[in-house]
Amino acid sequence: MPELPEVETIKRELETALIGKKIVDVLLNNPRIVRGISPGALKQGVKGAVIRAIIRKAKSLILELSNGRALFIHLKMTGQLVYPGTGQNSRVSFVFSGDDILDFNDQRLFAELRLLKDWRSFKFIQKLGLEPFEVPFTGFKKLIAGKKTKIKPLLMDQACIAGIGNLYAAEILFRAKIHPERKAYSLTDGEIKVLFNEIGCVLRKAIACGGSSVDTYVRLSGKRGEYIRYHKVYGREGLPCCVCKTPITRNIVGGRGTYFCRKCQT
DNA sequence: AATGGGACCTGCGCGC
DNA sequence: TGCGCGCAGGTCCCAT
């Protein structure tokens, strides 16, 4: 959290709100989220620049500026972008020429804000695999086939497929009826096909809902993402499975809390 | 090489 | 009541 659907939601809202706006000031309230450059240098590097384009790469955002540079934003777990903001309780805020403000909040200081000369050559971007909507079924099959890894950590491996995190991996595997600890190589062609389809269905629906507001995620406007009403397993430990009424299990898989139905998912 | 675990952080909720 | 602990998870880094 936030994963591909949440970041895509914010990306679309940022486009509407910020394209063509000029940054006139940067408020460095708690600039520990600024990485790879001093906060002061970041401020000087963006002042006077106009936002030209907003790009999403997996769970990260890139704001292309008129001066040829780009702001790189990764919200990690608790990062929020809020517009219009107040500049008051943020880590960093951007002030635009109409005096409107974009707040970058982050409770846990895991989030990242960078100023890049060439975002395409940034190491994090380069290591990302293709996104779910960019992979044809034949390509997806190659990513899964023969891998010794458990299927859930593989779905969350950003170098394999970029954009799926802990929450959507759980929801996708429930709908595909696949146990999260199945070895990738053990999946049948039929299961891979169902998995591929469910990735598309779940992510498309989640984007249409504006993401899932669990923990601190909110949309740019501060509104909640409503996909949470479609969650079948995530955060539902002990509650009855919506299909078979077996209590939902929570195990640690690949170091992460993992929700599934031990009867429906095999 | 692949995999697992800890670190990074903070706030919240739970149990004693 | 209040304190301390566990937990949340995206990514990096190190050890095996």
Side-chain angles (χ1 to χ4, degrees), chain A residues 1-11 29-36 39 56-62 72-81 89-92 103-114 116 119 122-129 131-132 142-173 180-186 202-203 206 211-218 224-225 227-228 231 233-239 248-260:
Chain A
M1 273 291 302
E3 306 177 26
L4 187 153
E6 287 75 27
V7 182
E8 177 64 20
T9 298
I10 295 171
K11 181 243 176 189
N29 298 330
N30 186 341
R32 282 169 70 187
I33 60 170
V34 177
R35 311 290 165 88
R56 181 188 57 72
K57 284 289 168 187
K59 304 169 190 172
S60 63
L61 287 164
I62 294 122
F72 171 89
I73 292 172
H74 199 306
L75 300 171
K76 300 283 180 82
M77 269 84 72
T78 56
Q80 295 177 332
L81 294 177
N89 296 305
S90 65
R91 301 302 183 179
V92 172
D103 284 339
F104 191 159
N105 304 323
D106 184 34
Q107 182 183 90
R108 288 163 66 184
L109 297 168
F110 281 6
E112 286 186 23
L113 176 61
R114 295 173 183 269
L116 303 177
W119 66 264
F122 183 48
K123 193 177 158 195
F124 175 84
I125 298 285
Q126 292 220 314
K127 285 197 305 186
L128 293 173
E131 304 217 353
K142 279 181 200 157
L143 292 174
I144 302 294
K147 294 273 169 57
K148 294 179 203 166
T149 321
K150 292 170 182 173
I151 187 62
K152 178 167 176 271
L154 187 61
L155 286 180
M156 294 168 62
D157 179 353
Q158 302 301 296
C160 177
I161 316 169
I164 299 171
N166 199 42
L167 188 160
Y168 291 104
E171 294 299 320
I172 288 162
L173 288 170
E181 298 191 79
R182 280 277 295 283
K183 302 276 189 165
Y185 62 72
S186 77
V202 168
L203 295 183
S212 301
S213 277
V214 299
D215 205 2
T216 60
Y217 166 74
V218 288
R224 297 169 52 78
Y227 188 72
I228 196 165
H231 289 185
V233 288
Y234 186 84
R236 301 193 71 248
E237 183 183 14
L239 296 173
I248 297 300
T249 304
R250 179 184 176 276
N251 276 354
I252 302 296
V253 179
R256 295 294 167 221
T258 298
Y259 300 90
F260 63 100

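On a predicted model such as this, the values are computed, not experimentally measured, just so you know. Sequence lines set the chain letters: A, B, ... in the order given, protein chains first and strands last, and positions in each chain run from 1.
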For this session: Apply side-chain contact (heavy atoms from CB on, under 4.5 Å) to A:K152 and A:F260, showing your working.
Result: CA-CA 11 Å; A:K152 178 167 176 271; A:F260 63 100; over 6 Å; no

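- Note: CD1 (A:I73) to P (C:dG10) measures 18 Å, nearest angstrom.
- Under a 3.5 Å cut-off, the side chain of A:E8 and the backbone N or O of A:R56 do not form any donor-acceptor pair.
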Exercise. Could you write out DNA chain C as a dot-bracket string, with dots for unpaired bases, | for bases paired across to another strand, and Watson-Crick or G-U pairs counted at under 3.5 Å?
Worked result: .|||||||.|||||||

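- Following rounding to the nearest Å, A:R236 (CZ) and C:dA8 (P) show an atom-to-atom distance of 17 Å.
- Here the side chain of A:E3 pairs no donor or acceptor atom with the backbone of A:K59 at under 3.5 angstrom.
- At least one side-chain nitrogen or oxygen of A:Y234 sits closer than 4.0 Å to the OP1 or OP2 atom of C:dG9.
- At C:dT11, one or more side-chain N or O atoms of A:H74 fall inside 4.0 Å of OP1 or OP2 (strictly under the cut-off).
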Problem set entry | Stepwise side-chain contact (heavy atoms from CB on, under 4.5 Å) check, A:Y168 with A:E6 | CA-CA 11 Å; A:Y168 291 104; A:E6 287 75 27; 2.6 Å; yes

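- Atom CE of residue A:M156 and atom CD1 of residue A:I172 lie 11.0 Å apart, to the nearest 0.5 angstrom.
- Residue A:T149 is classed as a sugar-phosphate contact, given heavy-atom separations below 4.0 Å to backbone atoms only.
- OP1 or OP2 of C:dC12 has at least one side-chain nitrogen or oxygen of A:K127 nearer than 4.0 Å.
- Under a 3.5 Å cut-off, the side chain of A:E112 and the backbone N or O of A:V34 do not form any donor-acceptor pair.
- Across the interface with DNA chain C, nearest-nucleotide mapping of A:K123 and A:R250 shows A:R250 to be the residue nearer the 5′ end.
- The environment of A:N251 atom CG is dense: over 12 non-hydrogen atoms of other residues, nucleotides or ligands sit within 6.0 angstrom.
- Here the range on DNA chain B touched by chain A, meaning any atom under 4.0 Å from one of its heavy atoms, is B:dT3 to B:dG11.
- Not a single donor-acceptor contact under 3.5 angstrom links the side-chain atoms of A:R108 to the base of C:dG10.
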